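As the structure is a computational prediction, the values presented were derived from the model and not from experiment. Worth knowing before you read on, the calculation uses all heavy atoms, side chains too, and leaves out hydrogens, waters and symmetry mates. For reference, positions follow the sequence shown, starting with 1.
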Amino acid sequence: MNTAEMQGGSFFWLWPNLMMTFYPGPANMATIQMVPVDHETSIAVYTYYFRDENISQEEKDLMTFAEQVRQEDIELVELEQVGFRSRAFNKGRYSSSEKAIVQFHEMMLEALNE
């Protein structure tokens, strides 16, 4: 378990499709840009930024941790897509902790109605 995993990070979203993450430890930032392809497919572009091009072991460990989280997220999202196509799926509920997703969906609805 690395420092970032134990201490968490800060996450910021810029409308409509950019996320910035900052983890504890060495000066770092990562961006995730979501590029929609169609109604079921998006491409995620991950970019890591550090103080300079000389990547330390701690920075390499941070990228390894972020990659592990990304792979876990991809697996979850792909499983959700299978469930969405199921005849059993009508609509879902948000957890009370999903405030960012609720806000994003509200912003999407507002943008689509203009």
Side-chain angles (χ1 to χ4, degrees):
M1 184 176 294
N2 68 29
T3 304
E5 189 172 8
M6 292 184 296
Q7 295 179 1
S10 296
F11 308 91
F12 302 91
W13 289 265
L14 298 176
W15 173 259
N17 66 338
L18 184 69
M19 178 180 167
M20 297 185 310
T21 65
F22 302 88
Y23 285 106
N28 71 86
M29 179 177 90
T31 59
I32 306 168
Q33 182 181 13
M34 299 305 293
V35 181
V37 175
D38 59 34
H39 71 286
E40 290 185 336
T41 309
S42 294
I43 296 172
V45 179
Y46 289 76
T47 308
Y48 298 97
Y49 301 89
F50 294 102
R51 188 176 309 255
D52 61 40
E53 66 277 356
N54 300 315
I55 305 297
S56 70
Q57 186 58 50
E58 188 176 9
E59 292 165 333
K60 289 177 186 176
D61 291 346
L62 178 61
M63 287 189 292
T64 299
F65 167 71
E67 177 63 21
Q68 176 187 340
V69 171
R70 181 167 62 113
Q71 290 302 321
E72 291 169 358
D73 287 349
I74 288 170
E75 183 178 337
L76 290 172
V77 169
E78 288 176 347
L79 288 171
E80 285 178 328
Q81 287 298 322
V82 170
F84 293 153
R85 288 189 291 271
S86 160
R87 290 184 296 164
F89 181 80
N90 181 14
K91 61 182 177 179
R93 294 178 180 243
Y94 292 112
S95 156
S96 61
S97 67
E98 298 292 354
K99 291 175 179 55
I101 294 174
V102 171
Q103 182 182 12
F104 177 78
H105 286 177
E106 289 170 351
M107 293 168 74
M108 284 295 296
L109 288 171
E110 184 178 324
L112 291 170
N113 287 328
E114 288 185 11

Approximate separation, where rounding is to 0.5 Å, of [X] [atom1] and [Y] [atom2]:
{"X": "Glu59", "Y": "Asn28", "atom1": "CD", "atom2": "CG", "answer": "7.5 Å"}
{"X": "Thr64", "Y": "Gln57", "atom1": "OG1", "atom2": "CD", "answer": "7.5 Å"}
{"X": "Ile43", "Y": "Met34", "atom1": "CD1", "atom2": "CE", "answer": "9.5 Å"}
{"X": "Thr21", "Y": "Leu62", "atom1": "OG1", "atom2": "CG", "answer": "8.0 Å"}
{"X": "Tyr23", "Y": "Asp61", "atom1": "OH", "atom2": "CG", "answer": "14.0 Å"}

Sequence-distant partners of [X], side-chain hydrogen bond (donor to acceptor under 3.5 Å, both in side chains), two or more places apart:
{"X": "Glu106", "value": "none"}
{"X": "Glu67", "value": "Arg70, Gln71"}
{"X": "Glu75", "value": "none"}

Distance-only check: which donor-acceptor pairs under 3.5 Å involve side-chain atoms of residues 45-52, not counting sequence neighbours?
unit_1: Asp52; atom_1: OD1; unit_2: Asn54; atom_2: N; d: 2.8

Listing, residues 95-104 side-chain donor-acceptor contacts under 3.5 Å, not counting sequence neighbours, or none:
unit_1: Ser95; atom_1: OG; unit_2: Ser97; atom_2: N; d: 3.1
unit_1: Ser95; atom_1: OG; unit_2: Ser97; atom_2: OG; d: 3.0
unit_1: Lys99; atom_1: NZ; unit_2: Ser96; atom_2: O; d: 2.8

If hydrophobic clusters are built by linking Ile, Leu, Val, Met, Phe, Trp and Tyr wherever their side-chain heavy atoms come under 4.5 Å apart, do [X] and [Y] end up in the same one?
{"X": "Met19", "Y": "Ile74", "result": "no"}
{"X": "Phe65", "Y": "Phe22", "result": "no"}
{"X": "Trp13", "Y": "Val69", "result": "yes"}

Salt bridge (Lys or Arg N to Asp or Glu O under 4.0 Å) partners of Arg85, counting only residues at least two apart: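 Per chain and number, Arg85 pairs via salt bridge (Lys or Arg N to Asp or Glu O under 4.0 Å) with Glu40.
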
Heavy-atom donor-acceptor pair, Asn17 side chain to Val35 backbone, under 3.5 Å: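 No: the side chain of Asn17 does not pair with the backbone of Val35.
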
Closest heavy-atom pair and its distance - Pro24, Gly9: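 Looks like CD-CA, 4.2 Å.
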
Considering all heavy atoms, the nearest Pro36-Ser42 contact: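 Minimum heavy-atom separation between Pro36 and Ser42: CA-OG, 3.8 Å.
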
